[in-house]
Amino acid sequence: MTNPSITTDTPIRVRIAPSPTGDPHVGTAYIGLINFLYARQRDGKFVLRIEDTDRTRFVATSEQEIFNSLRWLGLTWDEGPDVGGPYGPYRQSERTDIYRQHVQLLLDNGTAYRAFENPEELEDLRKRQLAAKLPPRYDGAHRELSQAQIDTYLAEGRPFVIRLKVPAGQTTFRDELRDDITFDHNNVDDQVLMKSDGFPTYHLANVVDDHLMRITDVIRAEEWISSTPKHVLLYNAFGWALPRFWHMPLLRNLDKSKISKRKNPVSLIYYRQAGFLPEAMINFLGLMGGGMPAPNTSAPTDDAAKPASSAPTKSSETDIFSLADMVARFQVENIRLGGPVFDLTKLKWLNGEYIRALTPEAFYKSLRDTILSDAYLQQIAPLVQTRIETLGEFGNLTHFLFADDIMPPADVFIPKKRTLEDTLAFAAEQLAVLEATDWTHDALEPALKQLGEAHQWSVKENFMLLRAILTGSTMSPPLLESMVVFGKSRTLDRVRRFLDTQKKLSQARKP
RNA sequence: GGCGUUAUGGUGUAACUGGUUAACACGCCGCCCUCUCAAGGCGGAGAGUCCGGGUUCGAGCCCCGGUAACGCUACCA
């Protein structure tokens with residue numbers, strides 16, 4: 001009864017499917033790298049698909065930033081929204097008809113059904129279940145509605161979702177890195193496949209697209225393991241062959257939790273703007289989870305006989321390698337499954353190695369392309385023109401835009417009439433507002449002022465605190481303009497680091 | 001709570017198909033070099049492989065049972 005698997009001679013096709021909901025994520029780059037390598041090593045195709053089915057979280061600039069960041073790292077794709085390809089469109093928002101047709105198939109063959117509850121009712125159900133200490137999941141109330149009832153609801157124009165009808169039993173699937181994994185269907189929810197707005201959820205879109213795009217290997221993050229049974233059920237419901245599944249470990253914060261912006265910079269834009277070299281970044285990602293054998297271990301078997309008077313292996317031979325090296329030697333099946341900590345300290349060391357390896361010319365060029373680019377300097381110049389009397393003073397006022405270790409002393413950042421605690425609490429509020437605001441002067445100003453009013457902080461106190469955090473001083477070029485120039489990801493990182501450091505300081509003070 | 005996954009120094013990894021004193025790198029400490037700081041060189045501390053059983057002449061690798069961490073548990077992906 002199980003579907004035939006993808007056979008070994010099917011041309012390899014893999015994909016990454018990022019969501020344009022914010023800054024491009026290091027996790028996307030990591031999964032992208034593994035997919036890229038897998039395809040390149042097998043003469044396969046690497047597809048980029050944009051999963052923009054969640055209208056509520058959609059960020060307009062995000063897609064382009066995803067393109068830019070992946071290209072910056074050298075992870076180029078063979079098919080995608082911008083380069084086209086034989087299985088397009090590659091943007092899910094442009095494939096809604098396809099999903100609608102396919103979900104109709106499921107409705108027709110009885111593997112899916114309409115459910116007419118609204119979000120409030122579902123939330124209610126959830127709360128009741130939680131209160132009764134039951135696992136929160138859909139109770140299947142509309143699983144077996146009569147045709148008459150359905151028609152009535154439809155005639156009323158009542159909104160509905162389409163859910164997967166999970167049968168009794170269990171599903172076992174093979175994870176290429178872990179062998180068989182079994183889930184009892186008691187633990188698989190009747191997943192929503194089509195939202196009431198007519199857009200599919202990830203689960204439906206992902207299966208339909210992977211099949212239609214002839215994806216042979218689904219290489220994605222471990223967080224998807226729990227929903228794989230739903231996907232398998234969907235493949236079965238359509239009568240399609242299963243792809244191979246490879247679930248990669250999740251990148252972690254220092255405390256081992258899933259990597260998050262609260263605890264670690266995760267934006268690829270941040271890394272680019274903060275002056276990390278793409279070669280170092282991609283190298284570092286290649287270190288995560290292993291999979292990269294030492295250069296001489298996989299040597300042809302013939303000369304394995306000789307003792308190979310093993311000279312101490314230099315770090316430059318084991319930890320430092322290029323994307324091309326990875327294509328040549330990386331082995332996905334050797335990936336270690338423990339979640340690797342994304343350790344900035346080692347990334348910075350690696351980046352330093354790459355910087356030192358540059359010729360003086362190349363080093364100068366990379367400075368001029370990034371931290372000292374014409375574009376950057378041109379944005380900065382107008383901010384200081386009226387504030388300096390000799391050109392030599394340029395650095396006095398702009399040093400914070402070129403430095404990475406800004407930390408204001410307490411007497412600078414705490415307003416006269418505020419306590420340390422209040423100030424830090426307010427700064428945390430500022431961070432939350434900044435995270436949620438478009439990075440333009442016109443959006444930032446009202447957002448910050450509104451926050452100040454809500455907490456009875458004067459504009460002066462409000463802006464001065466932020467100024468202190470960003471510049472380390474109470475005197476600087478105009479705050480909002482400076483923030484815009486400095487960029488969202490680096491500004492947020494600076495505020496987060498400030499809060500983090502202050503938190504550690506106050507903890508150290510307590511005992 | 002339920003389900004799933006994972007587990008080697010602080011961190012990233014290595015250890016052939018069970019085989020000897022668990023290796024390399026980052027970080028940390030010390031020394032050398034040096035006008036300073038880096039870089040570089042040399043050296044050091046730091047794990048007995050999550051815990052408890054078992055199989056075996058022999059277990060980080062195999063088996064059983066725990067524990068912990070993480071993930072999922074949405075009309076998000």
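Below, read A as the first sequence line, B as the second, and so on, with proteins coming before strands; counting in each chain starts at 1.
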Can you find a side-chain donor-acceptor pair between [X] and [Y] that sits under 3.5 Å?
X	Y	result
A:Arg178	A:His247	no
A:Asn68	A:Gln64	yes
A:Asp217	A:Tyr38	yes
A:Gln104	A:Asp108	yes

Nearest-angstrom distance, [atom1] atom, [N] to [M]:
N	M	atom1	answer
B:A69	B:A77	C1'	24 Å
B:U49	B:U21	P	13 Å
B:G41	B:A22	C1'	27 Å
B:G4	B:G27	P	41 Å
B:U20	B:A59	C1'	13 Å
B:U17	B:G53	P	28 Å
B:U8	B:C24	C1'	13 Å
B:A7	B:G66	C1'	14 Å

Just confirming the chi classification of B:G48, syn or anti, using 90° around 0 as the syn window.
syn

What string of B, S and - do you get for nucleotides 72-77 of chain B, 5' to 3', if B is base contact, S is sugar-phosphate-only contact and - is no contact with any protein heavy atom under 4.0 Å?
SSSBBB

Per-nucleotide protein contact string for nucleotides 27-32 of chain B (B base, S sugar-phosphate only, - none; heavy atom under 4.0 Å)
S-----

Expected output: side-chain [X] to main-chain [Y] donor-acceptor under 3.5 Å:
X	Y	result
A:Thr53	A:Phe199	no
A:Ser69	A:Ile66	no
A:Glu51	A:Pro20	no
A:Asn109	A:Ala237	yes

Could you state the atom-to-atom distance from [atom1] of [X] to [atom2] of [N] in whole Å?
X	N	atom1	atom2	value
A:Asp180	B:G4	CG	P	14 Å
A:Phe173	B:G4	CZ	P	11 Å
A:Phe321	B:A25	CZ	C1'	11 Å
A:Met248	B:U6	CE	C1'	14 Å
A:Tyr354	B:C26	OH	P	14 Å
A:Leu337	B:U5	CG	C1'	8 Å
A:Glu222	B:U6	CD	P	8 Å
A:Ile355	B:G40	CD1	P	13 Å

Considering the options A:Arg214, A:Arg13, A:Arg15, which one meets the salt bridge (Lys or Arg N to Asp or Glu O under 4.0 Å) requirement together with A:Glu79?
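Considering A:Arg214, A:Arg13, A:Arg15, a salt bridge (Lys or Arg N to Asp or Glu O under 4.0 Å) with A:Glu79 is found only for A:Arg13.
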
What do you reckon, are the aromatic ring centroids of [X] and [Y] less than 6.0 Å apart?
X	Y	value
A:His211	A:Tyr235	no
A:His231	A:Tyr202	yes
A:Trp349	A:Phe284	no

Once rounded to the nearest 0.5 Å, what's the spacing between atom NZ of A:Lys230 and atom CG of A:Asp190?
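Here the interatomic distance stands at 9.5 Å.
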
Quick check on RNA chain B: between A:Ile225 and A:Leu250, whose nearest nucleotide comes earlier from the 5' end?
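On the 5' side of the pair lies A:Ile225.
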
Mark yes or no: A:Arg163 above the aromatic ring of A:Tyr138, with NZ or CZ under 6.0 Å from the six-membered ring centre and no more than 45 degrees from the axis.
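The answer is yes, since A:Arg163 meets both limits relative to A:Tyr138.
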
Cation-aromatic face contact A:Arg49/A:Tyr90, 6.0 Å, 45 degrees:
no

Atom pairs under 3.5 Å: protein N/O with N/O of nucleotides 8-12 of chain B:
from: B:U11; atom 1: O2'; to: A:Asp343; atom 2: OD2; distance (Å): 3.3
from: B:G12; atom 1: OP1; to: A:Val341; atom 2: N; distance (Å): 2.8
from: B:G12; atom 1: O2'; to: A:Leu287; atom 2: O; distance (Å): 3.3

A:Ile181: which of A:Thr171, A:Asp175, A:Thr228, A:Thr172 passes side chain to side chain contact (heavy atoms under 4.5 Å, CB included)
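Only match with A:Ile181 under side chain to side chain contact (heavy atoms under 4.5 Å, CB included): A:Asp175.
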
Dot-bracket for RNA chain B, 5' to 3', counting Watson-Crick or G-U wobble pairs under 3.5 Å, with [ ] for crossing pairs and | for inter-strand pairs?
(((((((..((((.....[...)))).(((((.......))))).....(((((..]....))))))))))))....

Between the protein and nucleotides 43-51 of chain B, which nitrogen or oxygen pairs are less than 3.5 angstrom apart?
none

Would A:Arg128 and A:Asp139 count as a salt bridge (Lys or Arg N to Asp or Glu O under 4.0 Å) here? Give the steps.
CA-CA 11 Å; A:Arg128 285 203 310 275; A:Asp139 61 5; 5.3 Å; no

Test salt bridge (Lys or Arg N to Asp or Glu O under 4.0 Å) on A:Asp404 and A:Arg497 and set out the steps.
CA-CA 11 Å; A:Asp404 197 42; A:Arg497 270 154 80 166; 3.7 Å; yes

Identify the pairs formed between an N or O of the protein and an N or O of nucleotides 65-67 of chain B at a distance under 3.5 Å, and give each distance.
none

Heavy-atom side-chain proximity of A:Asn253 to A:Val341 below 4.5 angstrom:
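Of all side-chain heavy-atom pairs linking A:Val341 with A:Asn253, none is under 4.5 Å.
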
Mind running ring-ring contact (aromatic ring centres under 6.0 Å, His included) on A:Trp77 and A:Phe67 for me, showing each step along the way?
CA-CA 10 Å; A:Trp77 48 100; A:Phe67 296 164; 5.8 Å; yes

